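Encoded as structure tokens, the structure appears first; notes follow it.
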Number of protein chains: 2
Amino acid sequence: MSPRRPTILDVARAAGVSKSTVSLVVRGSPTVREETAKQVRAAMAETGYVYNRAAANLRASSVGLIGLVINDLRNPFFTEFATSVQMALSAQGYATVISNSDEDGALQAQMVGSMIEHGVSAFVISPAYGQEAETFEQIARAGIPCLQVLRQVDMRGDLFPFAAFDYARGGLLATQHLIAQQARNIAFVGGLPDRAVTTERMTGYLEALRGTGMAPRSFPGRTSRAFGAEMAALLSRRHPEIDAAVCFNDQVALGMLSGFARQGRTVGTDFRIVGFDDIEDCGQVWPRLSSVACDIAQFGRDTAAALLDWVETGQHPPPMRRAPVALAARESSLGFGSEGKSP
Amino acid sequence: MSPRRPTILDVARAAGVSKSTVSLVVRGSPTVREETAKQVRAAMAETGYVYNRAAANLRASSVGLIGLVINDLRNPFFTEFATSVQMALSAQGYATVISNSDEDGALQAQMVGSMIEHGVSAFVISPAYGQEAETFEQIARAGIPCLQVLRQVDMRGDLFPFAAFDYARGGLLATQHLIAQQARNIAFVGGLPDRAVTTERMTGYLEALRGTGMAPRSFPGRTSRAFGAEMAALLSRRHPEIDAAVCFNDQVALGMLSGFARQGRTVGTDFRIVGFDDIEDCGQVWPRLSSVACDIAQFGRDTAAALLDWVETGQHPPPMRRAPVALAARESSLGFGSEGKSP
DNA sequence: ACTCAATTTTGGAACGTTCCAGTAAGCAAT
DNA sequence: ATTGCTTACTGGAACGTTCCAAAATTGAGT
């Protein structure tokens, strides 16, 4: 099938120039005369040349490959993020190796190892819990730039910059909104206990409650739809006085929504719910789900830009500002009279 | 930061053997004596050696990198597939470069080009429509194995093997089930018109209808939730006689579900719906959505296995059998009296 | 001790680029 | 004509592996 792929040398011969010139043309150097470049490009087309990055890397040691490790790629929030990062990197000529660690720390460490071998120039990691030490040590040892996003794991010295949304403010906005909607007894539902992501969101929730005379009611646990559905059943049965919930994320909130639907309770009037992340589904279900909007696509683009800056300049980036969040209020908290978005 | 990464040569020196021996150890060759291997491994640990795949590739020309190009990575069905393939490949020591073409043929061609440069050993593509010619020609020209999955684009000679589920049978099962549930007027809703994926599903629908005296009613269009919601409104308003729908996919079906919920109509009694793909959400909404179950995780693993077989043996694989589908009947078609799965 | 085969190890030549220190060509000012 | 300066091109040496043919070692059978 293959009579040997043509190399830069074959192209050079066909174009009547040296291999170095071809190399310059390939990389779009401005120092080569346009006329020459044109000939070279013609020769490339004629010979059916394809650039061999492996060889280029070997010499130049920079692969144009970025590693993206995500703890749960099935969650639409992370999918959206991964997609956005991948597309932004792709636009800059970088390819993205994506891995789903599936919340398995050991798997994560293994994948990171494999990516290092492949010579990725940088990492973006939304880490799984467990095995953090090994994972991050490998990266640090190899001296590869790495951005930790969305989730932070406990580390003795924060080796790597961390970027995320302003989770505390999100919790605050959601809770204040429910208070404004006359909710008298607001629970916080879902999220893995004792994780920074959970406690931050809860901090905002507690802050909003302070001084209102309402007692906080936290029900941490998991982060899935199934958990949300279970909690809807549990709250109805055991805590009928609770009339609103700030959920850890949209998965939990959507789960609660269908849990209540199953019981015949109407969310938006009987019970008010606000989710977190504002994934696309929020606007597609009925009642539509209010949520703390995180512009994850923009966040992905920013992440990609910051990372490439680091890779290309070699400058460790400044600590990043928490990305802003906003409340998207919909029927699940407003009821069915009015519509719209509050600040 | 980097006082030069240690190479195979440094390891060889530290272990007191030749570089060739180290190379053999790295690749786990059985021809090297265990005692020697042990020394070499110790030396590797001591020097902090990391394998440089770029160099290995250059010489051996095989990168251990598989390209996965998906038309819509935000759709959970495809996410699940991508995840499954990636994890299966990862278990075999291959890394996966994932790209989302976002239904953009030009983007797809560009991404495929970039992956070829990166030296991927094979492709798995669920193609976007448009630019097929360029995309597949590039791959054919480079002589890279490629599996086309889930969707097929029109090609003069089917250059690449195609694997998918038995869509026609899925359409048949769904429609027969609705007939058994006493539906009298069944529509087929969603799917891009004139695409093989759509027409196959519709073929099964038409076949089930044949001889029942029911007239087929097709409403192709798009594949999104938003489209499903629109259609729920449209059907209620303009075609009140229709009392059931086979949907192109679960996205459309879930959209219809919330569209009807918004109108206050009860799906499962007033109107019966069956989706297609059986994504996780089907069991998480209320009423739970009946769907044609495609074991996408298994399909992903099979795809990975077939592809690796092709890559490693060099044997063009036999044409693949359509993967089986089954009906998962839930409240959206059964109503609320009974529960369970029919064959 | 000696032969022969099997096992284990080895040094040098690739692989296809980029980098670097040039050479050659062109042109303006002396 | 010579000099200097810029612009356009070039040939050889790297990069870190794997491949290969051959060398060294081992060990069993005489």
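Below, read A as the first sequence line, B as the second, and so on, with proteins coming before strands; counting in each chain starts at 1. These numbers come from a predicted model, not from an experiment.
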Non-hydrogen side-chain atoms of A:Val69 and A:Gln108 separated by less than 4.5 Å: yes
Upstream residue (5' side of DNA chain D) when B:Val50 and A:Leu24 are each assigned their closest nucleotide: A:Leu24
Side chains of A:Phe123 and A:Pro145 in contact at under 4.5 Å (non-hydrogen atoms): no
Min side-chain heavy-atom separation B:Phe162-B:Met320 under 4.5 Å: no
Sugar-phosphate only, base, or nothing, as touched by B:Arg53 at under 4.0 Å among non-hydrogen atoms: nothing
Inter-end axis angle, the helix from C:dA1-D:dT30 to C:dT30-D:dA1, with every axis fitted to five base pairs (rounded, 10 degrees): 50°
Salt bridge flag under 4.0 Å for residues A:Glu132 and A:Arg151: no
B:Thr36 side-chain N/O to C:dT9 phosphate OP1/OP2 under 4.0 Å: yes
Inter- and intrachain pairs under side chain to side chain donor-acceptor pair (under 3.5 Å), touching residues 39-50 of chain B, at least two apart: B:Glu34-B:Arg41
Residue-level proximity of residues 8-19 of chain B to DNA chain C when a heavy atom falls under 4.0 Å: B:Val17, B:Ser18, B:Lys19
Within-4.5 Å side-chain heavy-atom neighbours: A:Val112 and A:Ile125: yes
Sugar-phosphate only, base, or nothing, as touched by A:Ser20 at under 4.0 Å among non-hydrogen atoms: base
Any pair counted as side chain to side chain donor-acceptor pair (under 3.5 Å), so long as it reaches residues 89-98 of chain A, sequence neighbours left out: A:Tyr94-A:Glu312
Contact interval (first through last nucleotide) of DNA chain D with protein chain B, 4.0 Å heavy-atom: D:dG16 to D:dC19
Of all pairs that satisfy ring pair (Phe, Tyr, Trp, His ring centres under 6.0 Å), the ones with a partner from residues 295-319 of chain A, not counting sequence neighbours: A:Phe81-A:Phe299, A:Phe165-A:Phe299, A:Trp310-A:His316
Non-hydrogen side-chain atoms of A:Gln86 and B:Met111 separated by less than 4.5 Å: yes
Basic-acidic side-chain contact under 4.0 Å: A:Asp102, A:Arg74: yes
